[in-house]
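Numbers restart at 1 for each chain; the letters A, B, ... are given by sequence-line order, proteins then strands. If you're wondering where the values come from, they're calculated on a predicted model, not measured in any experiment.
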Amino acid sequence: MARHLITSAIPYINGIKHLGNLVGSQLPADLYARYLRARGHEVLFLCATDEHGTPAELAAAKAGKPVAEYCGEMHDVQADIAARFGLSFDHFGRSSSPQNRRLTQAFAARLADEGLIDEVEQQQIYSPTDGRFLPDRYVEGTCPNCGFEDARGDQCDNCTKQLDPEELVSPRSTISGATDLEMRATKHLMLRQSAMKDRLDQWIDSKVDWPVLTTSIAKKWLHDGDGLQDRGITRDLSWGVPVRRGDAEWPGMEGKVFYVWFDAPIEYIACAQEWVDAGKGSDWGRWWRTDQGADDVRYTQFMGKDNVPFHTLSFPSTIMGSNEPWKLVDYIKSFNFLNYEGGQFSTSRGRGVFMDQALEILPADYWRWWLLSRVPETSDVEFTWETFQVDVNKDLADVLGNFVSRITKFCRSKFGEAVPEAGSYGPAEEALIAELTERVARYQTQMDAIELRKAAQELRAIWAAGNEYLQAQAPWSTFKTDPDKAAAQVRLALNLIPLYANLSAPFIPDAAAKMLRAMRVADMVWPENVPEALALLPAGHGFEVPEVLFAKISDEDRNAWSERFAGTRD
RNA sequence: GGCGUUAUAGCUCAGUUGGUUAGAGCGAACGACUCAUAAUCGUUAGGUCCCAGGUUCAAGUCCCGGUAACGCCA
């Protein structure tokens with residue numbers, strides 16, 4: 001038994017995430033966490049909402065609420081949806097927590113003490129009326145390119161030209177409408193990532209078993225152009241972690257906050273503290289401090305490819321640069337993007353399926369299976385309603401669901417609702433047991449390696465093996481000539497159900513639970529020994545024929561959903 | 001405009017450090033079975049691995065050029 005720390009990239013607070021966000025981090029992290037727990041490992045699986053920054057302020061303003069209140073509400077909404085998707089976080093924290101505030105400020109102080117923070121002066125737009133500096137998105141004006149009057153500070157929505165806010169003709173504040181804007185000098189903190197370059201380079205080079213997607217992105221940022229650049233870690237906003245040097249004031253940094261990308265990954269650590277403070281655990285140090293036992297922990301991070309630079313370079317800069325005994329990540333599993341019907345999922349345009357909508361139309365297991373079995377591991381992957389319908393109907397309804405249905409109903413009609421006793425296993429049964437032993441071993445190997453598509457493929461083959469066995473042995477024919485032999489065949493086939501449930505639970509936890517309930521098995525137990533696991537249900541053990549595990553998706557449903565999710569979010 | 005990614009069967013995707021007849025699932029055709037959610041099981045067909053060069057005994061795999069699609073950035 002080992003200890004595994006697992007974190008998923010933390011989703012941003014402003015709104016409900018779509019399936020592309022889900023499949024890129026939280027869902028595969030959950031699969032891995034569930035699998036490791038099932039194998040008897042000690043797991044701490046953490047996630048949180050990423051709450052700071054301008055988009056949160058804008059979303060709160062749009063909702064007409066104070067930003068803290070807005071974030072609190074959205075956190076609860078996201079936590080609820082995550083739970084309904086079966087995401088088994090040990091704690092779902094918040095980057096705006098007091099724990100994260102303290103920790104972020106402490107890290108900044110350490111980095112400054114280590115000489116890894118520079119103070120630099122920059123010119124930025126200031127609004128005397130609002131009494132604050134304005135980030136790009138808080139400035140609007142006339143586009144210098146096309147004359148559009150409501151161009152934003154970062155981009156003109158009319159001609160799509162990318163802009164700098166000072167280029168705008170007659171710029172105004174979007175907060176107050178004030179037009180008396182001026183350029184003022186302001187001081188910011190830069191994290192000297194360039195000074196960490198060689199250490200990071202060696203570290204990344206040592207990770208020969210990491211996915212190519214992860215290391216290639218890291219190396220590109222390390223070596224492209226002038227190499228790894230220093231990064232501003234402060235912003236002129238009010239919503240965020242106030243810039244302080246530990247417990248002390250930071251002269252010249254009054255009214256500023258840390259940049260969201262500085263404090264967000266630190267939340268991985270703070271989240272473990274929140275977990276303890278919430279009374280769910282007793283010791284976070286043994287997970288995060290190498291001087292408190294965390295050297296024994298294997299730490300795995302899950303994220304989409306857009307997050308890789310921050311997790312391979314920025315956050316490690318913070319950890320390494322502190323020269324304190326913090327746990328560094330052992331393995332970074334990164335994913336490509338999921339596309340939607342020939343284009344991108346789009347939060348702003350409401351294109352694609354969002355987590356809440358997904359659960360309105362189908363149970364979580366349908367989505368979990370499809371997304372996890374085709375997770376974008378090596379390239380971007382395309383979601384289409386047609387393939388979703390075909391894949392889910394085939395795998396879940398026809399192969400797995402129908403297997404459970406056919407064997408329980410056949411047993412009920414010929415032997416009653418209990419495992420039949422007569423007969424004994426012959427060569428065909430031994431061959432099936434041997435095949436499954438081999439396949440389960442392969443399945444475990446793939447899961448251990450976090451090769452998720454291959455693992456799903458093996459699991460599908462394990463399901464199909466039951467159908468192949470029944471088809472070849474045909475107990476419905478055997479029964480006419482040799483009822484005892486048919487009884488033995490049925491006994492083995494019934495025993496496949498709890499085996500399948502236990503193996504499948506990381507992918508489809510709800511259906512797995514239903515299968516075990518129908519077979520009157522109380523606990524999930526991983527089949528470490530397949531022959532023993534296939535003797536779990538003794539002769540005479542009662543069961544029920546379960547409800548249809550997976551109803552099929554009809555063409556009408558598919559067409560209706562395809563239309564509903566094509567354009568704007570309803 | 002700059003940078004990057006991708007290009008393999010009708011569809012969605014695998015193809016490990018270059019090494020024998022290029023794989024899977026779905027879809028299609030045909031057959032078997034009739035216990036089951038008209039489900040299952042088997043067999044078969046289908047590919048100039050985008051185009052054009054190059055390196056090599058050997059290229060889907062490496063290099064150069066082109067084309068196309070997509071993405072990112074200022």
Visitor: Rounding to an integer number of angstrom, what distance separates C64(B) and U20(B) when you compare their C1' atoms?
Guide: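 About 29 Å, rounded to a whole number of Å.
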Visitor: Have a look at G60(B) and give me syn or anti from its glycosidic angle (syn if within 90° of zero).
Guide: anti
Visitor: Taking CG from D391(A) and C1' from C26(B), how many angstroms apart are they, rounded to a whole number?
Guide: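 Taking atom C1' of C26(B) as the reference, CG of D391(A) is at 6 Å.
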Visitor: When the distance from CG of D306(A) to P of C73(B) is rounded to whole Å, what number comes out?
Guide: 10 Å
Visitor: Would you kindly compare V399(A) and F337(A) by the position of their nearest RNA chain B nucleotide and give the one closer to the 5′ end?
Guide: V399(A)
Visitor: Measuring from the side chain of Q471(A) (C-beta onward, heavy atoms only), which nucleotide among C26(B), U40(B), U37(B) has the closest atom?
Guide: U40(B)
Visitor: Say you pick atom P in G10(B) and the same atom in C50(B); how far apart are they, in whole Å?
Guide: 13 Å
Visitor: Go through C11(B), U37(B), U34(B) for me and flag the one nearest to the S405(A) side chain.
Guide: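 Comparing C11(B), U37(B), U34(B) against the side chain of S405(A), the answer is U37(B).
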Visitor: Could you let me know what A58(B) is paired to, Watson-Crick or G-U wobble, both distances under 3.5 Å, or none if it's on its own?
Guide: none
Visitor: With a non-hydrogen cut-off below 4.0 angstrom, is V404(A) in contact with a base, only sugar-phosphate, or nothing?
Guide: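 Contact class for V404(A): none.
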Visitor: Tell me whether the side-chain N or O atoms of D398(A) pair up with the base of A39(B) as donor and acceptor below 3.5 Å, since no angle test is needed here.
Guide: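 No such pair is found, so the answer is no.
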Visitor: Describe the nucleic acid contact of V548(A) in one word from base, sugar-phosphate, nothing, applying a heavy-atom distance below 4.0 Å.
Guide: base
Visitor: Verify whether one side chain among Y469(A) and E429(A) offers a donor that lies under 3.5 Å from an acceptor in the other.
Guide: yes
Visitor: Using a 4.5 Å cut-off on heavy atoms from C-beta on, say whether the side chain of L496(A) contacts that of F403(A).
Guide: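 The answer is yes; the side chains approach within 4.5 Å.
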Visitor: Measure up the F345(A) and H18(A) rings against each other and bin them: parallel (under 30°), tilted (30 to 60°), perpendicular (over 60°).
Guide: parallel
Visitor: Rounded to whole angstrom units, what separation is found between the CG atom of L371(A) and the P atom of C13(B)?
Guide: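 Atom CG in L371(A) sits about 14 Å away from atom P in C13(B).
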Visitor: Whole Å only: how far is the CG atom of D555(A) from the C1' atom of G27(B)?
Guide: 14 Å
Visitor: Just to be sure I understand the rule, does A397(A) reach a base, reach only the sugar-phosphate, or reach nothing, if contact means heavy atoms closer than 4.0 Å?
Guide: base
Visitor: Suppose we define a pair by two distances each less than 3.5 Å, Watson-Crick or G-U wobble; what does C11(B) pair with here?
Guide: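 Pair assignment: C11(B) / G25(B).
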Visitor: Find the partner of G47(B): check Watson-Crick (N1-N3 plus N6-O4 or O6-N4) and G-U wobble (N1-O2, O6-N3) distances, both under 3.5 Å, and reply none if neither fits.
Guide: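 Looking at the geometry, G47(B) pairs with no nucleotide.
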Visitor: Within the structure shown, what part of the strands sits under 4.0 Å from L549(A) by heavy-atom distance: base, sugar-phosphate, or nothing?
Guide: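 Result for L549(A) = base.
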Visitor: Quantified in whole Å, what is the P atom distance between nucleotide G19(B) and nucleotide A29(B)?
Guide: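 It comes out at 37 Å once rounded to the nearest Å.
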Visitor: Does the distance from a Lys or Arg side-chain N to an Asp or Glu carboxylate O, for D395(A) and R460(A), drop under 4.0 Å?
Guide: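 Salt bridge: yes.
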Visitor: R460(A) has a side chain; which of U34(B), G25(B), U12(B) sits nearest to it?
Guide: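 Per side-chain heavy atoms of R460(A), the pick is G25(B).
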Visitor: Distance between the C1' atoms of A69(B) and A32(B), in whole angstroms?
Guide: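 After rounding to an integer number of Å, I get 44 Å for this pair.
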Visitor: Given atom CG of L396(A) and atom C1' of A36(B), what is their separation to the nearest angstrom?
Guide: 17 Å
Visitor: Which nucleotide in the set A36(B), A24(B), C13(B) lies at the smallest distance from any side-chain heavy atom of Q457(A)?
Guide: A24(B)
Visitor: Please give, in whole Å, the distance from C35(B) P to L470(A) CG?
Guide: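 Atom-to-atom, L470(A) to C35(B), this comes out as 13 Å.
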Visitor: Atom CZ of F410(A) and atom C1' of U37(B): how far apart are they, to the nearest Å?
Guide: 18 Å
Visitor: Considering only the C1' atoms, how many Å lie between G18(B) and G60(B), rounded to the nearest integer?
Guide: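 Each nucleotide's C1' atom is 10 Å from the other's.
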Visitor: Which whole-number value in Å describes the distance from R558(A) CZ to G27(B) P?
Guide: 13 Å
Visitor: Any strand is fair game: report the nucleotide pairing with C41(B) by Watson-Crick or G-U wobble, both distances under 3.5 Å, or none.
Guide: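 Answer to the pairing question: G31(B), which forms a Watson-Crick or G-U pair with C41(B).
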Visitor: Decide, yes or no, whether a salt bridge links K333(A) with E377(A) under the criterion of side-chain N to carboxylate O below 4.0 Å.
Guide: yes
Visitor: Relative to the 5' end of RNA chain B, which residue comes earlier, K552(A) or D395(A), by the nucleotide with the nearest heavy atom?
Guide: D395(A)
Visitor: U12(B) base to E382(A) side chain: any donor-acceptor pair below 3.5 Å?
Guide: no
Visitor: Given G42(B), U34(B), G25(B), identify the nucleotide with an atom nearest to the side chain of S477(A).
Guide: U34(B)
Visitor: Would you indicate what F550(A) reaches in the nucleic acid, counting non-hydrogen atoms under 4.0 angstrom: base, sugar-phosphate, or nothing?
Guide: base
Visitor: Give me the distance, rounded to whole Å, that separates A22(B) from A9(B) when you measure between the P atoms they each carry.
Guide: 14 Å
Visitor: Can you find a side chain N or O atom of K394(A) that sits less than 4.0 Å from OP1 or OP2 on G25(B)?
Guide: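 No, no such contact exists.
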Visitor: Anything under 30° is parallel, anything over 60° is perpendicular, the rest tilted; go ahead and classify Y35(A) against Y443(A).
Guide: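 Y35(A) vs Y443(A) ring planes: perpendicular.
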Visitor: If you measure from the C1' atom in A45(B) to the same atom in C51(B), how many Å do you get, rounded?
Guide: 28 Å
Visitor: Between E451(A) and R453(A), is there a salt bridge with N-O shorter than 4.0 Å?
Guide: no
Visitor: Is there a Watson-Crick or G-U wobble partner for U16(B) with both distances under 3.5 Å, and if so, which one is it?
Guide: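 Because no pair has both required distances under 3.5 Å, U16(B) counts as unpaired.
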Visitor: With respect to the side chain of K409(A), which nucleotide from U37(B), U40(B), C11(B) is positioned closest?
Guide: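 Given the options U37(B), U40(B), C11(B), the side chain of K409(A) is closest to U37(B).
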Visitor: Pairing check on G71(B): which nucleotide meets the Watson-Crick or G-U wobble criteria with it, both distances under 3.5 Å?
Guide: C3(B)
Visitor: If you only use heavy atoms from C-beta on, which nucleotide in U37(B), C41(B), C35(B) is closest to the side chain of A464(A)?
Guide: C41(B)
Visitor: For nucleotides U56(B) and G42(B), find the distance between their P atoms and express it as a whole number of Å.
Guide: 47 Å
Visitor: Tell me whether the NZ or CZ atom of R368(A) lies within the 45° cone about the ring axis of F507(A) and under 6.0 Å from its centre.
Guide: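 No, R368(A) does not sit over the ring of F507(A).
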